[in-house]
Amino acid sequence: DDSDSTSTTTDMETEIYSIAFMVNDNLSISYGEHNTDKEGSTTDQEAESMQASYSMGGMTINLKDSEMSGVNHDSSNTHETTEILVTFAF
């Protein structure tokens, strides 16, 4: 995706891709990447994430692990997160 603006001189190019796989009726896994190149910056903003979800009856467990580097195209700005979500339906 290219974003050209007439009001500024900044050009940004973004590449996004992901893959997901249903292992069976209860388990799914996925992986994705998101990379943005900003004109005039030597640092790309890069993100990658892995997810897994398992459901059984009324219970679901979700796991997400993500890493970002070059946040706002600053090489010293990184972000990592891991989330676990458990939900119950009654």
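Please read all numbers here as calculations on a predicted model, not as lab measurements.
No continuous path of hydrophobic side-chain contacts links Leu27 to Val86 [ILVMFWY only; heavy atoms under 4.5 Å]. Under a hydrophobic-cluster definition in which Ile, Leu, Val, Met, Phe, Trp and Tyr are linked whenever side-chain heavy atoms come within less than 4.5 Å, directly or via other members, Tyr54 and Ile84 are assigned to different clusters. The hydrophobic cluster containing Phe90 does not contain Leu85, counting ILVMFWY residues as joined when their side-chain heavy atoms lie under 4.5 angstrom apart, directly or transitively.
The number of heavy-atom neighbours closer than 6.0 Å to CE of Met22, taken from other residues, nucleotides and ligands shown, is above 12. By the neighbour-count criterion of 12 heavy atoms within 6.0 Å, atom CG of Asn72 is sparsely surrounded, having that number or fewer from other residues, nucleotides or ligands.
Contact between Thr14 and His34 at its shortest, heavy atoms only, is CG2-NE2, 3.3 Å. When all heavy atoms are compared, the tightest approach of Asp74 to Thr43 is C-CG2, 4.1 Å. Considering all non-hydrogen atoms of both residues, Met68 and Ala47 come closest at CG-CB, 3.5 Å. When all heavy atoms of Met12 and Thr36 are compared, the pair lying nearest together is CE-CG2, 3.7 Å.
At a cut-off of 3.5 Å, with distance as the only test, a side-chain donor of Ser49 or Ser66 sits close to an acceptor on the other residue. Residues Asn62 and Ser53 bring a donor and an acceptor atom of their side chains to less than 3.5 Å of each other.
Within the 4.5 Å cutoff, no side-chain heavy atoms of Thr81 are placed close to those of Asp65. Contact annotation: the side chain of Asn35 never approaches that of Asp44 to less than 4.5 Å [non-hydrogen atoms, C-beta and beyond].
Atom CE in Met50 sits 8.0 Å away from atom CD in Glu67 (nearest 0.5 Å).
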